[in-house]
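What follows is a single structure, written as C-alpha cells, with notes after it.
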Amino acid sequence: MLQRKQTLYLLMSAVLSAVCMFLPVGTFVSEKMGADAEFYNIAIKNMDGTMDYSVCVLFVVLLLSLISTVFNIFMFKNRKLQSKLCKTNMIILLLWYVGYAYFGFNGMDGSVFQFSAVAIMPFLALLGQFLANRGIVADEELIRSMDRIR
C-alpha cells in the first residue's frame, strides 16, 4: 500500500523516457528553405534520407534511464537502494538535457534549431523520479518511526 504512488511515478517516468526515445525532439531549419533535418535521439535524419548517428549518445542515456527505472520499480523491498537509483536517474536525465543542448546548438551549420514539445518528456520523467524519491524517503521515515520504542 505504501509503494503504490511511487510505483506509478516510476512507471510514468519509464513510459515517458521510452516514448521520447523514438520521437523527434527537434528540427533544424535553414534560413532559406524549410526543414533541413529532424533531430531524433538516435540520429539526425536529413531530408535527403541520410542519417547522422553522432547524437546516439542521447539514445543511450535515455535507454540507461529506462532500464534503471524499470529495475527500480522492482526494488521496493530495499528502499535505500531505490532512493539512490532515483537520485541517479535524476542526474542521468539532467545529463540528457546537457547533451540535448549541446547537439541542438552545435548540430548543423547554417541552420536554426527548433525545439519540439517532445523534449519536455525527460523533464516530466525527472519530475516523476523526484516525486517517487520523495515518497520513498517518507516511507522509510515512517517505517523507522514505527520501530522506535515510545
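Quick note: residue numbers are just sequence positions, from 1.
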Flag side-chain contact, heavy atom, 4.5 Å: N89 against I92: yes
Approximate separation, where rounding is to 0.5 Å, of S145 OG and E140 CD: 10.0 Å
Distance col, row L11:CG vs L16:CG, nearest 0.5 angstrom, shows 9.5 Å
Heavy atoms of A132 and Q6 approach each other most closely as O-CG, 3.4 Å
Between I120 and F105, is there shared hydrophobic-cluster membership here, with clusters defined by ILVMFWY side-chain heavy atoms closer than 4.5 Å? yes
Can you confirm whether F59 sits close enough to F22 that some side-chain heavy atom of one is under 4.5 Å from a side-chain heavy atom of the other? yes
Do V25 and C20 have side-chain heavy atoms sitting under 4.5 Å apart? yes
For the CZ atom on F113, are there more than 12 heavy atoms of other groups (residues, nucleotides or ligands in this structure) within a distance under 6.0 Å? yes
Is the shortest side-chain heavy-atom distance between W96 and N41 below 4.5 Å? yes
L8 and M12, any side-chain heavy atoms less than 4.5 Å apart: no
Considering all heavy atoms of both residues, which atom of S13 and which atom of A125 are nearest to each other, and what is their separation? OG-O, 3.2 Å
Heavy-atom closest pair (S116 atom, P24 atom, distance to 0.1 Å) is OG-O, 3.3 Å
Close side-chain approach of N133 to Q82, heavy-atom, < 4.5 Å: no
Verify the cluster assignment for F115 and L62: are they in a single hydrophobic cluster under the rule of side-chain heavy atoms below 4.5 Å apart? yes
What distance separates I67 CD1 from S17 OG, expressed to the nearest 0.5 Å? 11.0 Å
In this structure, are over 12 heavy atoms from other groups packed under 6.0 Å from F71 atom CZ? no
Does any non-hydrogen side-chain atom of M21 lie less than 4.5 Å from one of I42? no
To the nearest 0.5 angstrom, please state how far the OH atom of Y53 sits from the OH atom of Y40. 11.5 Å
Hydrophobic cluster membership, with links at side-chain heavy-atom distances under 4.5 Å among I/L/V/M/F/W/Y: are L95 and F123 in one? no
Between K45 and E38 (salt bridge meaning N to carboxylate O under 4.0 Å), is one present in this structure? no
Does the ring centre of F39 sit less than 6.0 Å away from the ring centre of Y100? yes
Could you see if V137 belongs to whatever hydrophobic cluster contains L85? Use Ile, Leu, Val, Met, Phe, Trp, Tyr and a side-chain cutoff under 4.5 Å. no
T69 vs Q129, test: side-chain hydrogen bond (donor to acceptor under 3.5 Å, both in side chains). Steps then yes/no. CA-CA 9 Å; T69 301; Q129 294 285 336; 2.9 Å; yes
Any chance you could lay out the side-chain contact (heavy atoms from CB on, under 4.5 Å) test for M121 and V19, step after step, and finish with the verdict? CA-CA 8 Å; M121 286 183 179; V19 168; 3.7 Å; yes
Could you tell me the separation between the CZ atom of R134 and the NZ atom of K5, rounded to the nearest 0.5 Å? 9.0 Å
Taking every non-hydrogen atom, the tightest pair across C86 and I136: SG-CD1, 3.9 Å
Indicate the atoms forming the closest heavy-atom contact of S65 with L93, along with that distance. OG-CD2, 3.7 Å
Among the clusters formed by ILVMFWY side chains lying less than 4.5 Å apart, do F74 and L63 turn up in the same one? yes
Partner set under side chain to side chain donor-acceptor pair (under 3.5 Å) for D48, not counting sequence neighbours: T50
Partners meeting side chain to side chain donor-acceptor pair (under 3.5 Å) with N72 (sequence neighbours left out): none
For F130, I'd like to know if atom CZ has over 12 heavy atoms of other residues, nucleotides or ligands within 6.0 Å. no
Q114 (side chain) donor-acceptor with G26 (main chain) under 3.5 angstrom: no
Checking D36 against V29 for the side-chain contact (heavy atoms from CB on, under 4.5 Å) test, could you report, in this order, the C-alpha distance in whole Å, the side-chain angles of both residues, the deciding distance, and whether it holds? CA-CA 5 Å; D36 278 345; V29 179; over 6 Å; no
If you compare all heavy atoms of L66 against all heavy atoms of A14, which two are closest, and at what distance to 0.1 Å? CD1-O, 3.2 Å
Just jot down the salt bridge (charged side-chain N to carboxylate O under 4.0 Å, His left out) partners of E141, sequence neighbours excluded, or say none. none
